[in-house]
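First up is the structure itself, then whatever we jot down about it.
Heavy-atom basis, side chains included; hydrogens, waters and symmetry copies ignored. Naming: A, B, ... by sequence-line order, numbering from 1 per chain.
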Protein chains: 2
Amino acid sequence: MERDPVRAAVTLHDVAREAGVSLATASRALNGSTRKVNDAYRERVLAAAARLNYSPNLSAQAIARGTTTTVALLVADIADPYFSQIAAGVVREADSQGLIVTMAATERDAERELELVRALRGQRPRVMILAASRRDDDPSAEALAAELAAYESTGGRVAFISESGAAFREVRLENRAGGEALARALVALGYRSFAAIGGAEGIRTADDRLAGFRAGLESEGATLDRVVRPDFTRDGGYAGMQQLIADGLEGIEAVFAVNDVMAVGAMSALRDGGLVPGVDVAVAGFDDIPTVRDVTPALTTVRLPLEEIGRRALQLALGEAGDDGTPLATEVVVRASTPARG
Amino acid sequence: MERDPVRAAVTLHDVAREAGVSLATASRALNGSTRKVNDAYRERVLAAAARLNYSPNLSAQAIARGTTTTVALLVADIADPYFSQIAAGVVREADSQGLIVTMAATERDAERELELVRALRGQRPRVMILAASRRDDDPSAEALAAELAAYESTGGRVAFISESGAAFREVRLENRAGGEALARALVALGYRSFAAIGGAEGIRTADDRLAGFRAGLESEGATLDRVVRPDFTRDGGYAGMQQLIADGLEGIEAVFAVNDVMAVGAMSALRDGGLVPGVDVAVAGFDDIPTVRDVTPALTTVRLPLEEIGRRALQLALGEAGDDGTPLATEVVVRASTPARG
DNA sequence: TTGAAAGCGATACCAG
DNA sequence: CTGGTATCGCTTTCAA
């Protein structure tokens, strides 16, 4: 697999020479603002660029222009459908704006997140989107806020998905309201006693959903009898349900897992425990990730327009609309995992 | 949401001045190769940098050093678990090497892929990883190869996942062998007549898996009685199974979908058609994405170490091992969707 | 319009 | 070791 000797990439200089014009003219013809170059020259430059297969060096442009065309995106876990859908939205929107997305994963570690923000700042991205879940007790929260503030003070734009807990732009998810609506819907279906699988305490998203759910139940006179708090993952959901089973599920009619990934794991735990989800005990989740249509029974959940959220976060950060008007379309989707109860 | 007036970012120049040393010394203290700066100076520079919250401009470094720290990754669809797992692997490996990942989605469009490669080339990434599925009939294949060759001729490194169909490095997936092994395993379980849901003709990955499967069956004296070729997506799988049902499923004992996402859709189509997967007809997939453990019945499939594939692609491109020895651990995983047949 | 030349932020060679 | 300076690739005044 030996290659040709590496020759330097074609530069604008080469193109200019090949076209017989000055560097400045070549620059203008290729990337300069509109209409300022004689058509004949313009043609020659474009032809030369094509002939040489010229590709402008974005780093050089960035440094000369003082601004990049990069978007930095931070998620907790790329393989998690919640984040990958959001990422898909960000990438799509970025693409439609001619921006390039740089992606990093915090692996749910706040320290790592801070390091990543520092590292990513070196790129001088136009915007930074933080989708990784925030925690209340986060010790590095202050340092993160400071870092982001510094970034914004030099022209960067930050957008959070969910709650920033600080003064940054954010796409606010209706976690609490969604939880509440779900609770009401379940009560309306005839359920009265519930358990919840909640994700480690302190994870804002999980706490909000749970708080909303609890509030919804209480407003309807129903009760949340038990809460377990395993990891915020599929296996966490599985373990959480196992624990509920071990502690005795009698009296519990429905279990709410604060996200779909966990709910799906919880359903498997039920099955492995010899119980039938939707029959022996109802299950509901949150997010409406694609797979929940394909599990059995299909999962009742709260739909979040994840891809749209990603796009919107970018728009918001860029300062175009996104912020205004239309709230996110959050809605309860009732499926077979929570059949109406006689 | 008004901000402070935007001031320019801190530059190395500022740090040098603040520390009372020359630009060159500051550079060396901060990023220069090992041990060349007096400790006292070094300390002062580091302190100044910290005080000013200095963040080196990567674009400037790139242009001065003549090399970036960027990895460009192209996938077909970020939200597809197959690609998001691979992406997670690439990002993780990149991270451990201090590299930054730029990601783009081809949306399964070859023209777009070419454009993206062109655009991404402007970043002068150290390596480019192409994971988007190749097609045989791809009209822009030549142009893509040319573009990539140009990229490599200036020092870039390209790595494909699956088959490049050209002279580039690649992480070769055992699609054919996996299909074959699956076929044999199913025959060993007692199945004799099969149908397949194959993904549009020309998609190399799909074709290879199918060809392997067919070969495996034939070597065991079983037959592939029917093949449908819908889209390479969940909905494609659903539609494919619907078609099989409409055409009459009698005589078909098992259905092989060339990837798990399709298989999962296919199972839902069975259910919606009043049939029970694993009982009325067995189903098998390919990839072993996380969700297949949680569908009912759990899906028999061919496991591909997706995250590992991502890491390996990067290593391969960077020229460290990855290539050598150990083939990818591809193995048939039999689950409840293909129970042993009397 | 066009071209010459001054940056942009950082690196690295070359003297001292 | 340290500092001065040329240089990287491109944009953008400033004159012509």
**Asked** Does Asn57(A) or Val21(B) map to a spot on DNA chain D nearer the 5' end, using the closest nucleotide for each?
**Response** Val21(B)
**Request:** May I ask you to say whether Arg134(A) pairs ionically with Glu170(A), meaning some side-chain N is under 4.0 Å from a carboxylate O?
**Result:** no
**Asked** Just to confirm, is there a sub-4.0 Å distance from OP1 or OP2 of dC10(D) to any side-chain nitrogen or oxygen of Gln61(A)?
**Response** no
**Asked** Whole Å only: how far is the CZ atom of Arg17(B) from the C1' atom of dG3(D)?
**Response** 16 Å
**Opening and closing nucleotides of DNA chain C in contact with chain B, under 4.0 Å to non-hydrogen atoms** = dG9(C) to dC13(C)
**Message:** When you compare the side chain of Leu130(B) with that of Val117(B), does any pair of heavy atoms fall below 4.5 Å?
**Reply:** yes
**Request:** Would you confirm whether Ser140(B), through its side chain, and Ala143(B), through its main-chain N or O, come within 3.5 Å as a donor-acceptor pair?
**Result:** no
**Asked** Checking all strands, does Thr11(B) fall into the base, sugar-phosphate, or nothing category for heavy-atom contacts under 4.0 angstrom?
**Response** sugar-phosphate
**Request:** Evaluate whether atom CD of Gln97(A) has more than 12 neighbouring non-hydrogen atoms of other residues, nucleotides or ligands under 6.0 angstrom away.
**Result:** yes
**Message:** Take a 6.0 Å sphere around CD of Glu43(B) and say whether it holds more than 12 heavy atoms from other residues, nucleotides or ligands.
**Reply:** yes
**Prompt:** Do Asp80(A) and Arg108(A) meet the salt-bridge criterion of a basic N to acidic O distance under 4.0 Å?
**Reply:** yes
**Fill in**
Atom CG of Leu12(B) and atom P of dT7(D) are separated, to the nearest Å, by 20 Å
**Message:** I want to confirm an ordering. Mapping Gly20(B) and Tyr54(A) to their closest nucleotides on DNA chain D, which one lands closer to the 5' end?
**Reply:** Gly20(B)
**Request:** Round to the nearest Å and state the distance from Arg65(A) atom CZ to dC10(D) atom P.
**Result:** 11 Å
**Item:** Short side-chain N/O contact to dG3(D) OP1/OP2 from Thr25(B), under 4.0 Å
**Value:** yes
**Asked** To the nearest angstrom, how far is Leu23(A) atom CG from dG9(D) atom P?
**Response** 11 Å
**Request:** Measure from CZ on Arg42(B) to P on dC1(D) and round the result to the nearest Å.
**Result:** 11 Å
**Prompt:** Over how many whole Å does the gap from His13(B) atom NE2 to dG4(D) atom P extend?
**Reply:** 10 Å
